[in-house]
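Naming: A, B, ... by sequence-line order, numbering from 1 per chain. Hydrogens, waters and symmetry mates play no part in the numbers below; they use all other heavy atoms, side chains included.
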Amino acid sequence: MRILLIHADFIEYTALEPAIKEPEPIDNKSERFEECLVAFCSIEKIDEEDPKGVAELAAQSIMEHANMIGVKTIVLYPYAHLSSNLASPRMAMDILKELKNSLKPLANVKSAPFGWYKSFIIKCKGHPLSELSRTILPPEKKEKKEEKTTPSKFLILMPDGKEIPIDLSRPESFLNLNIEPSLIQLIKNEAGLKEERGPPIHIKLMKRLELVDYEPASDVGHFRFYPKGLMIKESLEAFATELAVKELKALKIETPMLYRLDEPDIAEQAAKFRERDYRLKIDNREFTLRFAGDFGLFRMMKDAIMSYKQLPIRVYELSHSFRLEQSGECVGLKRLRAFTMPDIHCFCANLNQGLSEYKLLFEKYTMLTNAMEIDYAIAFRVVEEFYEKNKEWFLSLLKIVNKSALIELLPEMKHYWILKHEYQAIDSIGGNLQLVTVQLDVEDATRYGIMYIDEDGQKKGCIILHSSMGSIERWMGIVLEQAAKNQMSGRTPKLPLWLSPIQVRVIPVSSNYLDKAMEIASKISQSFIRVDVDDRDESVPRKIRDAEMEWIPYIIVLGEKEVNSGELSVRIRGEGIFKRTLDSLISEISEKLSSKPRIPLCLPMLLSMRPKFA
RNA sequence: GCCCCAGUAGCUCAGCCCGGUAGAGCGACGGUCUUGUAAACCGUUGGUCAGGGGUUCAAAGCCCCUCUGGGGCUCCA
């Protein structure tokens with residue numbers, strides 16, 4: 001907030017015409033105040049973060065000065081022209097009201113109406129202290145300190161029901177436990193134990209494999225996807241969509257990217273997000289780019305009529321979100337400013353339904369995460385009382401995944417959720433990355449007016465489950481990191497078969513076998529397997545090397561022997577060279593792919609016809 | 001966002017300390033070779049030394065600013 005303070009003999013104003021759509025209603029068009037301190041105020045964007053805090057600080061500052069010069073009357077005068085970064089009119093009005101209320105017990109407070117073009121006459125006294133300007137910033141949030149006064153407790157819960165309390169400040173309490181290495185690594189990170197770390201390996205890989213790259217012409221954290229990268233991305237998206245729509249029977253929706261900031265619920269959510277949203281101004285109206293799926297979804301569900309008979313209702317959306325993450329924090333695919341996220345929200349009638357729904361999601365996401373062939377650890381964050389009451393239920397979840405979990409017990413409810421969990425991947429340099437998350441939300445439904453009609457005909461608020469498999473881009477990063485980890489431990493680096501951009505490559509030993517190679521490739525392709533043909537004028541060893549560098553899982557070398565014998569020579573990545581008939585190879589691959597998405601090849605089948613991207 | 005480091009051919013990098021004609025390998029292009037399980041051979045091409053400014057007779061190099069990337073910190077309702 002910017003304030004211009006003027007000690008005046010008098011101020012006199014007349015409201016002429018409205019300057020905004022909904023100006024403050026007025027009783028008197030004109031008013032005059034004698035012997036007063038006039039505070040011209042501009043409420044700024046940043047004040048929206050903490051309206052009360054700002055109002056309080058401003059009141060203090062004004063009173064300090066009023067006492068010094070000994071005036072009894074304070075006139076608050078809304079004056080937009082002190083700042084170029086104004087708050088929304090609605091918020092500004094609220095904050096000014098707040099300011100007025102804070103001053104009321106301390107002085108005789110008057111205010112000029114908000115949202116009017118006004119003419120005014122002021123007579124400034126002109127003494128040294130009669131003119132003064134102040135900038136008030138929202139007070140620093142004290143959440144951290146509060147957390148310190150009521151710290152969380154941590155324990156490890158094992159699938160057999162054993163509980164091991166741990167103390168993050170004492171590494172010896174968890175370093176030597178007989179639990180999964182990935183969980184120990186997660187706890188180390190949680191405890192802030194730092195290790196020497198290089199750049200994430202996936203950055204080199206994503207470029208070398210022609211998957212994804214930076215786009216310097218865009219903002220930090222916005223990437224370009226090459227065809228091979230896009231095939232992986234689309235496979236992941238299809239997998240998420242199938243899980244939601246086919247297995248969970250979720251309703252698939254789409255909501256806008258852009259939201260008006262003069263809608264109170266949007267403004268509230270955006271303010272909580274603390275300047276980490278993209279803002280833009282069009283025709284004098286401020287917008288924010290969605291940073292989560294909740295905006296449009298909550299709006300849609302608020303308008304929906306839901307009966308208890310229909311619950312639980314699951315809603316799925318796959319959408320881009322935008323977050324203005326700190327530039328220094330955007331490294332490779334770990335954190336982006338523009339990313340793709342599949343979200344599933346479940347609307348439940350009561351806590352019981354919420355819990356069984358939670359378990360169902362847990363089961364599905366476990367299946368999904370296992371399909372990625374990565375190391376991961378699980379952490380629950382839960383209000384202590386809730387945990388104590390539902391221990392058996394927690395155990396039933398761990399039995400599904402058959403892993404121990406870190407459990408953070410929160411002494412009281414600090415967020416809108418009472419329970420959440422994360423699947424955290426461990427990357428090649430020991431860092432952890434949040435992937436899947438499910439949150440049990442007991443508050444938002446009433447806050448946002450998402451109601452269902454119960455048996456008794458009464459409207460009641462839903463229990464909402466928020467869940468996501470995490471950003472698709474981050475998943476790509478972690479799958480690459482896992483490959484790098486395998487390589488470091490002496491195994492062959494590879495992607496899961498279903499995510500490999502090229503699944504089979506056919507290498508004819510000379511151009512004489514090109515037609516035959518094409519024939520075989522098109523047969524394989526008919527089974528929805530991504531296959532290509534290396535028709536370049538290169539030596540066979542060279543083509544094999546290139547295929548291996550691309551991490552292609554199946555390489556077929558085709559020459560006279562194969563054409564005569566009818567048996568193919570198949571080089572399986574990391575395993576060796578095997579004989580297969582075409583049919584047995586196709587059925588072997590199809591079996592491995594089972595129900596995984598089959599995104600078609602979006603490149604020319606002939607290598608010679610492809611541009612090089614990296 | 002803050003502090004530190006880096007940016008030289010499409011890619012990986014040398015040259016920079018100590019100012020004096022812009023280098024290599026790979027790739028791409030052309031040719032020879034018709035090839036058997038991780039790099040055939042020969043030739044040609046390739047540069048706003050990230051951008052801008054300054055110092056200097058002379059700047060890839062020294063100084064300043066900006067951009068991009070990396071590391072660390074902070075942040076992650």
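Taking the C1' atom of each, B:G15 and B:C49 are spaced 10 Å apart, rounded to whole Å. Distance noted for atom P between B:U21 and B:A58: 15 Å (whole Å). Spacing between B:G19 and B:C63 at atom C1', rounded to whole Å, works out to 13 Å. The same atom, C1', is picked in B:C64 and in B:G30; the two are 47 Å apart, to the nearest Å. For the P atoms, the distance from B:G27 to B:A39 is 13 Å, rounded to whole Å. Distance noted for atom C1' between B:C17 and B:A60: 14 Å (whole Å). For the C1' atoms, the distance from B:G52 to B:A77 is 41 Å, rounded to whole Å. Straight-line distance between the C1' atoms of B:C18 and B:A38: roughly 44 Å, to the nearest whole Å.
Nucleotide B:U44 forms a Watson-Crick or G-U wobble pair with B:A28, both donor-acceptor distances falling under 3.5 Å. Applying the Watson-Crick and G-U wobble criteria (two distances, each under 3.5 Å), B:C13 pairs with B:G23. Nucleotide B:C62 forms a Watson-Crick or G-U wobble pair with B:G54, both donor-acceptor distances falling under 3.5 Å. B:C73: Watson-Crick or G-U partner is B:G1, with both key distances under 3.5 Å.
As judged by a 4.0 angstrom heavy-atom cut-off over every strand, A:V509 is placed among the base-contacting residues. Nucleic acid contact class of A:P200 (heavy atoms, under 4.0 Å, all strands): sugar-phosphate only. Contacts of A:I555 with the nucleic acid, taken as non-hydrogen atoms under 4.0 Å apart, are absent. Contacts of A:Q434 with the nucleic acid, taken as non-hydrogen atoms under 4.0 Å apart, are absent. Here A:D537 lies in heavy-atom contact (under 4.0 Å) with a base. Residue A:G576 is out of contact with every strand shown, counting any heavy-atom pair closer than 4.0 Å. Across all strands, A:E550 comes closer than 4.0 Å to no nucleic acid atom at all (heavy-atom distances).
Residue pairs meeting the salt bridge (Lys or Arg N to Asp or Glu O under 4.0 Å) criterion with at least one partner in residues 551-561 of chain A, sequence neighbours excluded, do not occur; the list is empty.
For B:C76, its base sits under 3.5 Å from the side chain of A:R335 at one donor and acceptor pair at least.
Between A:R536 atom CZ and B:A40 atom P there is a gap of 11 Å when expressed in whole angstrom units. Between the CD atom of A:E538 and the P atom of B:A38 there is a distance of 15 Å, rounded to whole Å. Atom pair A:M549:CE and B:U37:P shows a separation of 19 Å (rounding to whole Å applied). The nearest whole Å value for the distance from the CG atom in A:N432 to the P atom in B:C76 is 15 Å. Atom CD in A:E422 sits roughly 10 Å away from atom P in B:A77 (whole-Å rounding). For the pair A:K420 NZ and B:C76 P, the computed distance is 12 Å after rounding to whole Å. Computed from coordinates, the A:L568 CG to B:U37 C1' distance equals 14 Å when rounded to whole Å. Between the CD atom of A:E560 and the C1' atom of B:U37 there is a distance of 17 Å, rounded to whole Å.
Using cut-offs of 30° and 60° for the angle between ring planes, the A:F298 and A:Y448 rings count as tilted. Between A:H421 and A:Y358, the ring planes are tilted. Angles from 30° to 60° get that label. Using a 30° and 60° split on the angle between ring planes, A:F347 and A:H345 fall in the parallel class, below 30°.
Of the candidates B:A38, B:U35, B:A77, the closest approach to any side-chain atom of A:D294 belongs to B:A77. The side chain of A:E548 has B:A38 as its nearest neighbour among B:G36, B:A38, B:U34. If you check B:U37, B:A77, B:A38 against the side chain of A:V540, the one that comes closest is B:U37. Distance from the side chain of A:S569 is smallest to B:G36 among B:G69, B:U34, B:G36. Nearest nucleotide to the A:H415 side chain, out of B:G36, B:G69, B:A77: B:A77.
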Base versus backbone protein contacts along nucleotides 1-13 of chain B [heavy-atom cut-off under 4.0 Å; B, S, -]: B------------
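RNA chain B is contacted by both A:D444 and A:R545; A:R545 maps to the nucleotide lying nearer its 5′ end (nearest heavy atom per residue).
More than 12 heavy atoms of other residues, nucleotides or ligands sit less than 6.0 Å from atom NZ of A:K579.
Both tests hold for A:K233 against A:F225: distance to the six-membered ring centre under 6.0 Å, angle to the ring axis within 45°.
When the side-chain nitrogen and oxygen atoms of A:R571 are compared with OP1 and OP2 of B:G36, none of them lie within a distance under 4.0 Å. The side chain of A:S510 places no N or O atom within less than 4.0 Å of a non-bridging phosphate oxygen (OP1 or OP2) of B:U34. Within the 4.0 Å cut-off from OP1 or OP2 of B:G27, at least one side-chain nitrogen or oxygen of A:R542 is found.
Between A:H466 and A:Y416, the distance separating the two ring centers is shorter than 6.0 angstrom.
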Derivation and outcome, side chain to side chain donor-acceptor pair (under 3.5 Å), residues A:E567 and A:T581: CA-CA 5 Å; A:E567 260 198 333; A:T581 63; over 6 Å; no
Working for side chain to side chain donor-acceptor pair (under 3.5 Å), residues A:S152 and A:E408: CA-CA 6 Å; A:S152 297; A:E408 176 178 1; 2.7 Å; yes
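Between A:I378 and A:L183 the shortest heavy-atom distance is O-CD1, 3.8 Å.
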